[in-house]
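Step one of this worksheet: look at the structure below.
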Amino acid sequence: MEPKIKETAWNPEIEKQILKQWEDSGIYKFNPQGEVFVIDTPPPYPSGRPWHIGAAAHYAQIDMIARTARMIGKSVLFPIGIDRNGLPVEMYTEKKYNIRMRETDRTEFLKLCATALDDLESEMIHIMKNLGLSGNFSEYYRTDSEQYRALTQATFIELWKKGLIYIANRPNNYDWITGTTIADAEITYEEIPTKLVYMKFKIKDSDKVLIIASTRPELLCACQAIIVNPEDERHVYTIGKSVIIPIMNREVQIRTHPSAEKEFGSGAVMVCSYGDQNDVALFRELKLREIVAIGKNGRMTEAAGLYAGLKVKQAREKITEDLQNQGLVEKVESINHRTPISERSKAPIEIIPMEEYYLKQKESVEKIKELSSKIIFHPTMHKQILTNWLESITIDWPISRRRFYGTEIPIWYCKKCSEPHIPEPGKYHRPWKDPSPISKCTKCGTTEFVGEERTFDTWMDSSISPLYVSKYGRDEEFFKKTYPAAIRPQSKDIVRTWLYYTILRCEQLTGQTPWNEAWIMGYGVDEHGTKMSKSKGNVIDPLPIIQKFGADTFRFWSASEINLGYDFRCSEQKIETTRKFLSKLWNISRFLSGFPVIKSAKTTPADNWILSELDKVVSECKRGFYDYNFFIPSTSIREFTWNLFAAHYIEMVKGRAYSSSFSEEERDAAIFTLHKVLSTLLLLLAPITPFITDHLWQTLYSDKTIHKEMFPQQEDHEDWTRFTKPITEFNSNVWNKKKEQNLSLKDSIDIDIPDELQQFAKDLQAMHNLKSR
RNA sequence: GGGUUCAUAGUCCAGUUGGUUAUGACGUCGCCCUUACACGGCGAAGAUCCAGGGUUCGAAUCCCUGUGGACCCA
């Protein structure tokens, strides 16, 4: 029989036809029947080219989750979204057009941002489609759409009515480059070289001086206390006394506090508003009066006297110089200081008192701990990231931002008495340009209003993604069926932001967990194990790789390289060698395509042996799929296919399949078994490599797609796996002997078959052309 | 300073509840067109399982201490 498959290698070009077939037939369309499985897909942020290869690998795996769920019989809702709110696009736009956000007309600026996003977004959609994602592309959502933003605002209004929102003037993390308050979660720390200045403070009514070391001498004007450690004997005599602040010539008291480290500088520390978070705590604890030394423009305020108007860094240099000139400096040390910086703009954070909106979260922590104990984490170890974060929450969440490209905070203030008013939920509100929907102030009766200009922290938008995809507030019936979602897949670096905020918000709004399971992935790093970043120039663009090797190669690489939860290395060379496996699978199929499909047969010992090994693979795969860990099925399938099925079984039964000296029954058993194994492998591989498996399935076994099939079950064959080692060893032994004797593999040789393998004798004899005796 | 995590051939990785000779892949070297596949086949070389100690008849595996790396938090 002529093989149906002619080509000797898998051609990734075929993927395009298959993609079209899927699209035309709509096989992945969500049908809310039966057991529903909703994936809270992370909407990627279009932050610029190229898209990170790790992200592409990540989405390939999320698709495997979707396909796995389908193959165990669930109705899968796999939404596709794009996250479009926030700072990066504003910065991208400022740079691209060389403009300043605050100096540009707001409407105009927003338009430019949206255009930039459209552009970047289309490439991501293109990659996601070409990766073979079985998601809902026809209804992909954007977090900046009117509908999405209306939901963000509606949930805010709901929380406002529940009394969970308040406004407060507090020291806040402030990023003066982007001109906005940021949350703790958006801060990173970097070792930055700086000067540690040892300043001389004169002790009042004494001729002694106290040395105080600080990296922030420009904050002398905001110094309200000096603290020393109560156990520090060097300073006991100073406690309760006052010192004169150099340059400022103002008196402050010396007090004791355990947070003053004896080892730091001289052991005495100045407490200023605000050098760091510890200062904030001390001001509160010691009930000090704050002095605002740094303004929103990142410059010193009037409180700084001579130094008013200077940028923080300039003021630091100038005051250090002045102190030195006046002999008030003992010494200056160069150190590396762990400095909090804004994750986005890289500006050093200043702590400045500002009026912002807060969402209460402290009182929810216990409830969230309880809820999160019900969420199954894959892998379990990453639950710890959430637990640690929950332990460290000390303040409520500041949710207002002084930016443009975000969801507007829907509030109008009475022009006369400033009373805030919120509109009706359901509509998208833009208070900075829309007329007030409120006609009369509830407090003073005035009819004129001023719209709020600020926007929300972007996590306010993204933290309701499970509510959005479940049509919360839009379609009660649909919501009931699809919420909570089944699973949240995401990467581990945003556990304390996206994952946490989603649980928080969903708990406050629905009282339930947003999902039953969370699936946490590591980062993609380069081939040397270092993090990829544009500045290092080690970013790998996934698009050319997918085009060159095909999506299935990329996907199989992703599955077999990424062990769930751990960081993974990305190298083109490794992806390239993965292609060989698909080629192997293709050629096995090509060989089998020359034989008819036989539905049942009376199997021989050799057949029973491989079927029993196949059973083992099925159960291994099940274990992996159950944990959404595709490393397990992909590697166990590859090893079985290559090293047992192709290398040993196929070689053993070739003679029987071609039926030279075997009975028809024996031949049919071989052909039956070959197809049984291959079709099982195709089903097991379908979620991982959907293209090649569908193509082969339709070529060999069915006129329908493989993606409507169910996973194969274990068949509980009698366990023949004890023969695996003897068989493979015997074969190796024969090959070695032939090599030693310089014989070709088809040459005849005289070797005894060991007793334990007698039941396989006929196949082995044909395979090696053993001399019969 | 606290936490999470990792440490196995030149490289990457497996090793399930402790049990003979430590898995597989890439790479390297040698031989080979054997009618599915040269994107292939066969073979070979290559590992003090980070160090030290403990538990045990027996440790890559469990416990302790240390070293080094990655990431997170203060």
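Chain identifiers are assigned alphabetically (A, B, ...) following the order of the sequence lines, protein sequences preceding nucleic acid strands; residue numbering begins at 1 within each chain. Side-chain atoms are counted along with the backbone in the values below, which use heavy atoms only and exclude waters and symmetry mates.
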- [ ] For each nucleotide in nucleotides 6-21 of chain B, reading 5' to 3', give B when a protein heavy atom comes within less than 4.0 Å of its base, S when such contact involves only the sugar-phosphate, and - otherwise.
- [x] S-----SSS-------
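- Within 4.0 Å of A:Q573, counting heavy atoms only, lie sugar-phosphate atoms of the nucleic acid but no base atom.
- Taking atom C1' on both nucleotides, B:A9 is separated from B:A60 by 14 Å, rounded to a whole Å.
- At whole-Å resolution of the value, CG in A:N742 and P in B:G30 are 17 Å apart.
- Rounded to a whole Å, the CG atom of A:N388 is 7 Å from the C1' atom of B:U4.
- Side-chain contact of A:W10 with A:D552: a donor-acceptor pair under 3.5 Å is absent, judged by distance alone.
- Taking NE2 of A:H52 as the start and CD1 of A:I540 as the end, the distance is 8.5 Å to the nearest 0.5 Å.
- Residue-level contact check: A:N643 touches the backbone only, with heavy atoms under 4.0 Å from sugar-phosphate atoms and none from bases.
- A:F723 and A:F760 have perpendicular rings, their planes meeting at more than 60° on a 0 to 90° scale where under 30° would count as parallel.
- Taking atom C1' on both nucleotides, B:C13 is separated from B:A36 by 29 Å, rounded to a whole Å.
- Between the P atoms of B:U23 and B:U4, the separation comes to 33 Å (whole Å).
- For the pair A:K492 and A:D567, the salt-bridge criterion is met [side-chain N within less than 4.0 Å of a carboxylate O].
- Following rounding to the nearest Å, A:L390 (CG) and B:C72 (P) show an atom-to-atom distance of 18 Å.
- Checked against a 6.0 Å centroid threshold, the rings of A:F549 and A:F554 do not count as neighbours.
- For A:Q384 and A:N388, the side-chain atoms include at least one donor-acceptor pair closer than 3.5 Å.
- For the P atoms, the distance linking B:C63 with B:U5 amounts to 12 Å, nearest Å.
- Spacing between atom OH of A:Y523 and atom C1' of B:C71 amounts to 6 Å, rounded to whole angstrom units.
- Taken from CD in A:E666 to CG in A:D607, the straight-line distance is 9.5 Å, to the nearest 0.5 Å.
- The distance from atom CH2 of A:W557 to atom C1' of B:C26 is 15 Å, rounded to the nearest whole Å.
- Comparing the same atom, C1', in B:U65 and in B:C71 gives a spacing of 24 Å after rounding to whole Å.
- A salt bridge links A:E572 to A:K548: at least one charged side-chain nitrogen sits closer than 4.0 Å to a carboxylate oxygen.
- In this structure, a donor-acceptor pair under 3.5 Å is absent between the side chains of A:E613 and A:T721.
- Looking at RNA chain B, the stems built from 3 or more consecutive Watson-Crick or G-U wobble pairs, each pair with its key distances under 3.5 Å, are B:1-7 with B:67-73, B:10-12 with B:24-26, B:28-32 with B:40-44, B:50-54 with B:62-66.
- Separating the CZ atom of A:F556 from the C1' atom of B:G24 is a distance of 12 Å, rounded to the nearest angstrom.
- The aromatic rings of A:F640 and A:F645 lie parallel to each other, their planes meeting at an angle below 30°, with 60° marking the opposite boundary.
- Separating the P atom of B:C42 from that of B:U67 is a span of 47 Å, rounded to the nearest Å.
- A straight line from CG of A:L644 to C1' of B:G24 spans 12 Å, rounded to a whole angstrom.
- Side chain to side chain, A:Q698 and A:D694 meet the donor-acceptor criterion of an N or O pair below 3.5 Å.
- For the C1' atoms, the distance linking B:C39 with B:A44 amounts to 23 Å, nearest Å.
- Of the residues A:V495, A:I385, A:I494, A:I393, the one that meets the side-chain contact (heavy atoms from CB on, under 4.5 Å) test with A:Y500 is A:I393.
- Rounded to whole angstrom, the span from the CG atom of A:D747 across to the P atom of B:C32 amounts to 14 Å.
- B:U61 and B:G18 are spaced 11 Å apart, taking the P atom of each and rounding to whole Å.
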- [ ] Indicate for each nucleotide in nucleotides 34-46 of chain B, in 5' to 3' sequence, whether protein heavy atoms under 4.0 Å reach the base (B), only the sugar-phosphate (S), or nothing (-).
- [x] B-BB-BSSBS---
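- A donor and an acceptor atom, one from each side chain of A:S463 and A:W498, are nowhere located under 3.5 Å apart.
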